[in-house]
Amino acid sequence: MTHAPASKQAPNFTPVRRALLSVSDKSGLVEFARTLAQRGVALVSTGGTAKALRDAGLDVTPVESLTKFPEMMDGRVKTLHPGVHGGILALRNDDAHLAAMREHAIEPIDLVCVNLYPFEATVARPGCTLEDAIENIDVGGPAMIRAAAKNHAFVTVVTDPAQYARVLDELAANDGRTTHALRADLARAAFARTGAYDAAIANYLSSCAARDPSHEPALDAPEDNAFPPSLDLHLPRVLAPRYGENPHQRAAVYADPTFTGPSVATTRQLHGKELSYNNLADAAAALAVAIDLACFDPARTGAAVVKHTNPCGASVAPTARLAVDAAIAGDPLAAYGGILALGGPMDADAAERLCRDDVFLEVVLAPSFEPAALDLLRSRWKNLRVLEVGPIGTQPTNLAQPTNLAQSATIDPARLTLRSIPGAILAQERDDAPPTPSAWKLAAGSEPGPDRRRDAALAEIIAKHLSSNAVAICGVDPERAGTFRLFGAGAGQMDRVASCRIAVQKAGPLAAGAIAASDAFFPFSDGPEVLLDAGVTLLVHPGGSKRDQDTFDLATARGASVLITGVRHFRH
C-alpha cells in the first residue's frame, strides 16, 4: 500500500496525551514533567529518569510496560522495541498504521523528550579512556529522537532543556496541543543534534587513530588517507555579533564543543560591550600569539597587541606590567584601538598601565584577572571588553603533539584549521610546531650562542603570526630589564622587500643590533640588504632559495649571522 507523504496531510494542532522522557541532563526535568502531568499527560520513562520523577512524587509508567522486556546489558538495551518505536512512528491518519497499533496493543507516544549520553563532555575530561568514551555513545536515544523527528507531523520531539518553556507555553496556549510550526522547528533541531553527536563520535575516534602509533590505513587507501574522508561540521551557534566585518554583512559564531584549549568563542566576558565579528577575529589572533610565547618561554609573561589580526606589538617579560608596557611600545600608533592578550594573570600593576591616557583598547584578554585589576579596568573603561580565557597551559593549543603526514597515518580532526572559499572548504594541519633553535643551521657569521638563539626563536614566533610576506625585527628591550619585544613589523605586502622597509621604518634606531625573522626565505639579497643597512645583526629564515648564498655572503661581509630554520610559516 502506498501512503501519501505525511507532511501534506499533517494537521496543524496535535494533542499531547502521552510523553516518553529519557534524559541524561535532568536540569528542569521535574518541573517540565510535573506541568505535563498537571495537563493530564501520561508519563513513560526509563531508568534514572523514571527514578528522578518518582522521587519527585510523579506517577510514571516504566518503559518495560511497553516492551515487555526488562532493561538489560547495563542499560544498553531498553527502548529498541516496536512497543516504543511503533508508538512514535505510527501515522495517526493512516488506517493501516492504526490497525497495526490495535493488533499489537501499541499506544501512541505524542511527545518524546530525550537528551543524549554526554559523549562530548566525557571525551573533553582529562584522562578520558576509550572505554569511557564508548560507554557514553548513546544508541537508543538517537533512534528515538530520529523517529520522533521523522514523524513530527504528529509527534513533538524535545532534545534540550532550553526547549521546555517553549513547549509548555504552546500547550498552555493551545489547550494541550502543539502546532505544526513548533513540531517542525523542533524536528530540525533534533536532526541537527543527532548529526552533531555522530560527528563528535567520528571525530573522537579519528583522533584516537591519529594518536595510535600502531594504526595503519587500509591497504587500498589512497596516499592522502591521513585526512578524514569527510568533514562533519555540526557546531552549535554560541554568539550572534551585530554584524560581520562590515555593517552590511550578517554574522554568527559557531563553537566546537569538543575543543579543550582556550578560545575566544567560549571565553567568559567580565566587562564591556558585546563582541563584534572583528573583535573576535583579532582577539583570537592575539590569543594565539600569547599562547605560543607562553609555551616557548613559560618562565616569563608574554603579551601581544593585535590590529587587523597582525601583532603590532609583542613581548615576553619578567612581570605582567613590563609585558603589556613593552607590547604597547612595539607600535603605539597601531596599538591604539587594538586588542591586547596577556599570557599570564592580569594583576593590578599591569591593569594600571593599561588605564593610562596613552592607551585605548577594544579588548583585553588574560587567563585570569585579579579583583583589583578588574576594578581598575572597569572604572577606567566603560566599553572595554574584558575576557577571561582560562589556563593557557604549556602545549600549543592544549592539543596533541604536532604530527605530519610522514609521522601519522591519520590526522587528528581537532588539529585542522579551516578556511572557506566559494564552493569549498580548505583544510590543513594547525601550524603549532614549536621552534627548535638549538637545531637551526648556522649559515653565515659567528655562532649566536644559546641566549641569542632563544631570542631568535621568539622573533620567529612573532613573525609566524604576521601575514605574509612577514618580517619581524625584534630584540632585548633597552628600557625594560629582562624583556624581549617586537621593535617593528612588516606584514601583508606583495613583496618581501617592502615588508623589510616597513619593519625597518617601524623599528627605527632599535634595529641596530637586532634580530630580523622572516616567515619564508629571501628570494634575493635585496631584502636582507635593507635589514643589514638598518643595523640588524642576525637574520632568521627558513632558507631554500636558489640565491640563499647571496644572502649568506652579504651577511658575512657585513659581520652579521644567519640562522636557517628549515620551516616556513606562511599565513595568508
Side-chain angles (χ1 to χ4, degrees), residues 238-239 241 253-256 259-272 274-298 300-317 320 323-324 326-328 330 334-335 337-346 350-351 354 361-369 373-374 377 384-399 414-419 430-434 458 461-467 472 485-486 489 491 569 571:
V238 295
L239 288 173
V253 179
Y254 297 86
D256 180 355
F259 185 76
T260 58
S263 169
V264 298
T266 55
T267 189
R268 181 183 174 207
Q269 184 166 351
L270 304 178
H271 180 65
E274 64 179 329
L275 290 158
S276 72
Y277 179 97
N278 292 334
N279 290 156
L280 288 159
D282 286 340
L287 179 59
V289 182
I291 288 173
D292 274 1
L293 293 175
C295 291
F296 183 78
D297 195 346
R300 293 186 286 182
T301 300
V305 180
V306 159
K307 200 71 168 288
H308 302 300
T309 72
N310 279 291
C312 57
S315 68
V316 289
V324 301
I328 293 168
I339 279 79
L340 183 142
L342 186 66
M346 178 73 70
L354 298 181
L361 297 168
E362 292 283 353
V363 182
V364 172
L365 307 88
S368 61
F369 291 80
L374 188 56
L377 295 173
L384 175 69
R385 301 155 180 92
V386 178
L387 306 181
E388 185 178 67
V389 300
I392 283 179
T394 58
Q395 292 295 334
T397 66
N398 286 0
L399 297 175
R415 294 197 59 254
L416 294 178
T417 62
L418 308 177
R419 181 173 181 173
R430 194 182 304 274
D431 184 8
D432 57 9
L458 291 169
I461 288 172
I462 295 169
K464 181 184 86 168
H465 289 279
L466 292 165
S467 298
R485 74 171 175 89
L486 174 65
H569 289 294
R571 189 172 78 87

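Both backbone and side-chain heavy atoms feed into the values below; hydrogens, waters and symmetry mates do not.
- Taking each heavy atom of Ala472 and Ile462 in turn, the nearest pair found is CB-CG2, 4.2 Å.
- Judged by distance alone, with hydrogens and angles left aside, the side-chain atoms of Arg385 form no donor-acceptor pair with the main-chain N or O of Gly272 at under 3.5 Å.
- Environment of CZ in Phe296: crowded, with over 12 heavy atoms of neighbouring residues, nucleotides or ligands closer than 6.0 Å.
- Considering all non-hydrogen atoms of both residues, Leu342 and Ala320 come closest at CD2-CB, 3.9 Å.
- Put simply, the side chain of Val363 does not reach to within 4.5 Å of the side chain of Asp282, judged on heavy atoms.
- Side-chain atoms of Asn310 come within 3.5 Å of backbone N or O of Ser467 as a donor-acceptor pair.
- Separation of atoms CG (Asp432) and CD1 (Ile291) is listed at 10.5 Å; rounding is to 0.5 Å.
- Contact check for Leu275 versus Leu387: side-chain heavy atoms found under the 4.5 Å cut-off.
- Between Val289 and Ala314, the shortest heavy-atom contact is CG1-CB, 4.5 Å.
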Exercise for the section: Kindly determine whether Val238 and Thr266 satisfy side-chain contact (heavy atoms from CB on, under 4.5 Å), including the steps that lead there. Expected result: CA-CA 8 Å; Val238 295; Thr266 55; 5.7 Å; no
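- Here the side chains of Leu270 and Leu377 are not in contact, with every heavy-atom distance at 4.5 Å or above.
- Residues Leu361 and Ala335 approach most closely at CD2-O, 3.8 Å, considering heavy atoms.
- In plain terms, the two heavy atoms of Asn279 and Glu362 that are nearest each other are ND2-CB, 4.1 Å.
- Nearest heavy-atom pair, Leu374 versus Phe369, reported as atom, atom and distance to 0.1 Å: CB-CB, 4.4 Å.
- Under a 3.5 Å cut-off, the side chain of Gln269 and the backbone N or O of His271 do form a donor-acceptor pair.
- Here Asp431 pairs with His569 under the side chain to side chain donor-acceptor pair (under 3.5 Å) rule; sequence neighbours left out.
- In this structure, the side chain to side chain donor-acceptor pair (under 3.5 Å) partners of Asp256, at least two apart in sequence or on a different chain, are Thr258.
- Distance alone, capped at 3.5 Å, is enough to place a donor-acceptor pair between the Ser315 side chain and the Ala323 backbone.
- Here NE2 of His465 is found 7.0 Å from CG of Leu293. Values are rounded to the nearest 0.5 Å.
- Annotation: the span from Leu287 atom CG to Ile339 atom CD1 amounts to 12.5 Å, rounded to 0.5 Å.
- Here the side chains of Met346 and Leu354 are in contact, with some heavy-atom distance below 4.5 Å.
- Thr267 places a side-chain N or O within 3.5 Å of a backbone atom of Glu388 that can act as its donor or acceptor partner.
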